[in-house]
Amino acid sequence: PKKVRILTFGTVNTCLGVSVVACLLAIWDFAEQDILWRTIATCVVLACGMILFSGINQVFGSNTEN
């Protein structure tokens with residue numbers, strides 16, 4: 001469970017960073033609005049998937065911490 005939490009934390013933070021960069025690029029007209037929404041949607045799906053995976057791993061994971 002500890003490794004999964006670390007992986008989830010890293011993935012969610014990466015998704016947040018990518019979303020912020022995409023928003024900045026769209027604000028300054030370096031990227032199209034379509035790219036912005038696709039990037040944010042992708043990052044939300046990845047982050048939600050990792051959070052769910054982490055939650056399931058906490059419930060069904062082993063009792064020993066690595």
Side-chain angles (χ1 to χ4, degrees):
K2 184 177 180 179
K3 290 179 185 178
V4 171
R5 282 193 304 265
I6 292 170
L7 178 64
T8 300
F9 179 77
T11 302
V12 170
N13 281 334
T14 302
C15 287
L16 288 173
V18 168
S19 295
V20 167
V21 170
C23 288
L24 289 173
L25 290 174
I27 289 169
W28 289 97
D29 290 329
F30 289 109
E32 297 177 17
Q33 294 293 324
D34 186 43
I35 293 171
L36 169 68
W37 293 115
R38 287 178 190 226
T39 302
I40 290 174
T42 301
C43 288
V44 167
V45 169
L46 285 173
C48 288
M50 289 303 296
I51 291 169
L52 286 172
F53 177 69
S54 179
I56 291 170
N57 189 47
Q58 287 289 87
V59 172
F60 296 108
S62 66
N63 292 332
T64 59
E65 292 285 328
N66 292 339

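Heavy-atom basis, side chains included; hydrogens, waters and symmetry copies ignored.
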Residue pair Leu36, Cys23: steps toward the side-chain contact (heavy atoms from CB on, under 4.5 Å) verdict | CA-CA 6 Å; Leu36 169 68; Cys23 288; 3.6 Å; yes
When rounded to the nearest 0.5 Å, the distance separating OG1 of Thr39 from CG of Asp34 is 9.0 Å
Roughly how far apart are Ile40 CD1 and Ile35 CD1, rounded to 0.5 Å?
-> 12.0 Å
Using modelled atom types only, decide if a donor and an acceptor are shared between the side chain of Ser54 and the backbone of Met50 within a distance under 3.5 Å.
-> no
Rounded distance (nearest 0.5 Å) linking atom CG of Leu24 with atom OG of Ser19 = 11.0 Å
The single option from Thr8, Thr14, Leu7 passing side chain to side chain contact (heavy atoms under 4.5 Å, CB included) against Thr11 | Leu7
Kindly indicate whether the side chain of Leu16, heavy atoms from C-beta on, has any atom under 4.5 Å from the side chain of Cys43.
-> no
What distance separates Ile51 CD1 from Phe9 CZ, expressed to the nearest 0.5 Å?
-> 11.5 Å
Report yes or no: do Phe53 and Val59 belong to one cluster of Ile/Leu/Val/Met/Phe/Trp/Tyr joined by side chain heavy-atom distances under 4.5 Å?
-> no
